[in-house]
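In the text below, chain A, chain B and the rest are named by the order of the sequence lines, each starting its count at 1.
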Protein chains: 2
Amino acid sequence: MSQKLFVSADEVAKRAGVSRSAVSRAFTPGASVSASTRQKVVQAAEELGYHVNHLARGLMRNESGIVCLIVSDVATPYRSALLRELTQQLQLAGKVAMLVNTDRSDGSVDRALQQAIRYRADASIIMSGLPDKSIAQLCLRSGQRLVLINRDDDQPGPLRINLDDTEAAQRVVTAFVRAGCRRLAFANSDAGTPSLMARETGFVAAAKAQGLDVTVERYGLTGYESGKVLAQRLLTKSERPDAVFCATDLLACGFMDAARHQFSISVPESLSIVGFDDIEQASWSSYELTTFAQPVMAIASEAVQWLSAEPSGDPDQTSKRLHAEFVWRGSVRAG
Amino acid sequence: MSQKLFVSADEVAKRAGVSRSAVSRAFTPGASVSASTRQKVVQAAEELGYHVNHLARGLMRNESGIVCLIVSDVATPYRSALLRELTQQLQLAGKVAMLVNTDRSDGSVDRALQQAIRYRADASIIMSGLPDKSIAQLCLRSGQRLVLINRDDDQPGPLRINLDDTEAAQRVVTAFVRAGCRRLAFANSDAGTPSLMARETGFVAAAKAQGLDVTVERYGLTGYESGKVLAQRLLTKSERPDAVFCATDLLACGFMDAARHQFSISVPESLSIVGFDDIEQASWSSYELTTFAQPVMAIASEAVQWLSAEPSGDPDQTSKRLHAEFVWRGSVRAG
DNA sequence: TTGTAAGCGTTATCAA
DNA sequence: TTGATAACGCTTACAA
């Protein structure tokens, strides 16, 4: 069935009465073509419905213009918000996003990278999922650039974008203490990713500095349901906490709902809650969750800028630490 | 800086002591290669770190393996859930997803299609955004297949996947009437997309058949904030509705929150609410929203199956009508 | 089953 | 500024 489907530069050249290299140049920004030649070519292309074949162009240039986005749990509010930003900015930079879903585990990140390599993606951005250590090497070896968002890999080469999780955790302790809370808790998933752990240890340490103990509980993934389970566990303890920092907003929403509807605890009067991410739902009237905003735009632009820039061997530039703004809403008791 | 980065089939051939076509065949499913040859090739490839160049393969085969996903508002719960499913099933079918974000309007869908064509995508799936009429033609002309999800385009050629919106709307009327509600309202966005309008007109018609009038209000996009505005408008009317069908869950959540927190109306006791989509938040304890489930898995598999099948000129098969299951939760008063 | 050789649609190089 | 020509890395007749 594969008949003659696409128009090639040859045909455009013929119609415009120029050589095929002229056609190529007409579509290459900054090439030396006379205005009249370009004019003729563009018109002929228009009439014929010609579109530069990026497969062939990528083959020649050794640069496909493709950036591979590797992600698990895309449907999660924070992930999808980041994805939105990333695709948008990538497009603005003239690149195109190839999305690889790694929900089905089984070395899926590796397979994803393989895919990226097969299509000669210029770069990969890992938004989630735990990459194998050998991956950075694989990318390096194939000349691919790599961006790691919120996951720590100490290998040199990739750009690592992280947040100031520890400082954020400190601010939460301060806020809780000001609100007069004394029985602190931390609700975490047991995924154990670096940023999640940084929030936890930062919180525990800052509390300790204030002479306060923290009850830590970990369970499941970072979703709403886990938040409910964590509430179940923490709110049935003999010394019930009066303030809880949840590692993500999703956990916080689940926690808050369980506290209110299952335990009839009023938030924030008897229980202060802080989350992390500032997903859209955090601002909904049912939650009014105090949280930290993931700087998705800044994350995306750091990534895209780095990818668009000429590779420089400067190792200082391969790590960015961005600030997560504290967003005050109503889920922390007024001091 | 573009040095020799990738290993080519030539080098693998040399190392394995075979011809380069043998290498090609070793990586082509179903090609005729002896086990021993394949063995040698695979081993050499492994050692050298060879990966088939899909750019070149696509060029030859006239089939890139790329499917273009065209979407606006990716960060929205329903969209991102559909995206998750689509990417997953596409991957399972051996295809790869190219994501094009059309949030910035200005003929962005057209530009997106252009992009798809440049990369010689085998197909495009339009998840949202209003395509220009000429687009189907453009796709057809370039041999690309097209899937339209929840948007009606009466041109032949593309696969159109829709839901039984009208039937769903009828069920809502039945449910409301059974619950003893008499003052019906419909809260819609003013986007005016076909599926949204089908729900509205279906609801109004079914109500009329029961001898009931419907107050219809339209505003903004299909988001949470619009739901609040719609509540403001509908709940301040002299004859306050006692049942409202919202065109999407996001609208419903906003509506419910406004009803409860701004108007102190208890749901479902004094106001029954039904949404559409069954986004994750619909099941959260704060909402317990009765709604219709978008059959995202079925949608995705219909799309992927159709794309994987041989093109058949059968026009009957180019339209699929899927069922949206009614999900009973607590936002409709018990009869 | 295997190798040879001809293409696929570009861009880069080099004269003109 | 232009046009011929040689790559790019692959697949696929065709012949052996």
Point to revise | Distance in angstrom units between A:Arg57 CZ and C:dC8 C1', rounded | key: 17 Å
Check your understanding: Between C:dT10 and A:Tyr50, is there an OP1 or OP2 to side-chain N/O distance shorter than 4.0 Å?
Key -> yes
Revision key, fill the gap. A:Glu11 atom CD is separated from C:dG9 atom P, nearest whole Å, by 8 Å
Point to revise | Any B:Ser24 side-chain nitrogen or oxygen under 4.0 Å from OP1 or OP2 of D:dT11 | key: yes
Practice item. Return the nearest nucleotide to the side chain of A:Ser32; candidates are D:dC10, D:dT2, C:dT11. Key: D:dT2
Revision key, fill the gap. Taking for B:His54 and for B:Arg25 the nucleotide of DNA chain D with the nearest heavy atom, the one nearer the 5' end belongs to B:His54
Check your understanding: Between C:dT2 and B:Ser19, is there an OP1 or OP2 to side-chain N/O distance shorter than 4.0 Å?
Key -> no
Review point. Taking CD1 from A:Ile117 and P from D:dG9, how many angstroms apart are they, rounded to a whole number?
Key: 16 Å
Practice item. Find the distance B:Glu63:CD to D:dC10:P and express it as a whole number of Å. Key: 17 Å
Exercise for review: Assess the side chains of B:Ser24 and B:Ser21: does a donor N or O sit below 3.5 Å from an acceptor N or O?
Suggested key: no
Review point. Centroid-to-centroid, B:Tyr50 to B:Phe6, below 6.0 Å?
Key: no
Exercise for review: Output yes when at least one side-chain N/O atom of B:Ser34 is less than 4.0 Å from OP1 or OP2 of C:dT2, else no.
Suggested key: yes
Exercise for review: Indicate the atoms forming the closest heavy-atom contact of B:Ala26 with B:Val33, along with that distance.
Suggested key: N-CG2, 4.1 Å
Check your understanding: Nearest of C:dT10, D:dG9, C:dT2 to any side-chain atom of B:Asn53?
Key -> D:dG9
**Study point:** Pair of N/O donor and acceptor under 3.5 Å linking C:dT11 base with A:Thr28 side chain
**Key:** no
Exercise for review: Determine yes or no for a side-chain-to-main-chain donor-acceptor pair under 3.5 angstrom, with A:Asp122 supplying the side chain and A:Gly65 the backbone.
Suggested key: yes
Exercise for review: Would you indicate, yes or no, if D:dT2 has its OP1 or OP2 atom less than 4.0 angstrom from a side-chain nitrogen or oxygen of A:Thr37?
Suggested key: yes
Exercise for review: Please report the closest heavy-atom contact between A:Arg79 and A:Val71, naming both atoms and the distance.
Suggested key: CD-CG2, 4.1 Å
Exercise for review: Report the distance from atom CZ of A:Arg20 to atom P of D:dT2, rounded to the nearest whole Å.
Suggested key: 17 Å
Practice item. Could you check B:Arg38 against B:Met60 and say which one's nearest nucleotide on DNA chain C is further toward the 5' end? Key: B:Arg38
Check your understanding: Taking atom P of D:dG9 as reference, at what distance in whole Å does atom CZ of B:Phe27 sit?
Key -> 16 Å
Point to revise | Per A:Arg61 side chain, nearest of listed nucleotides C:dG9, C:dA12, D:dC10 | key: C:dA12
Revision key, fill the gap. Taken to the nearest whole Å, NZ/A:Lys40 to C1'/D:dT1 is 12 Å
Revision key, fill the gap. Note: for B:Gly17 and B:Arg120 on DNA chain C, the residue whose nearest nucleotide lies more 5' is B:Gly17
Review point. Tell me: CZ of A:Arg118 to C1' of D:dC10, nearest whole Å?
Key: 15 Å
Exercise for review: Of all the heavy-atom pairs spanning A:Asp103 and A:Asp73, show the shortest one and how long it is.
Suggested key: OD1-N, 2.7 Å
Review point. Among C:dC8, C:dT2, C:dA12, which nucleotide sits nearest the side chain of B:Leu59?
Key: C:dC8
Check your understanding: Of the candidate nucleotides D:dT11, D:dG3, C:dA12, which contains the atom at the shortest distance from the side chain of A:Val18?
Key -> D:dG3
Practice item. State which of C:dT11, C:dT4, D:dG3 makes the closest approach to the side chain of A:Val52. Key: C:dT11
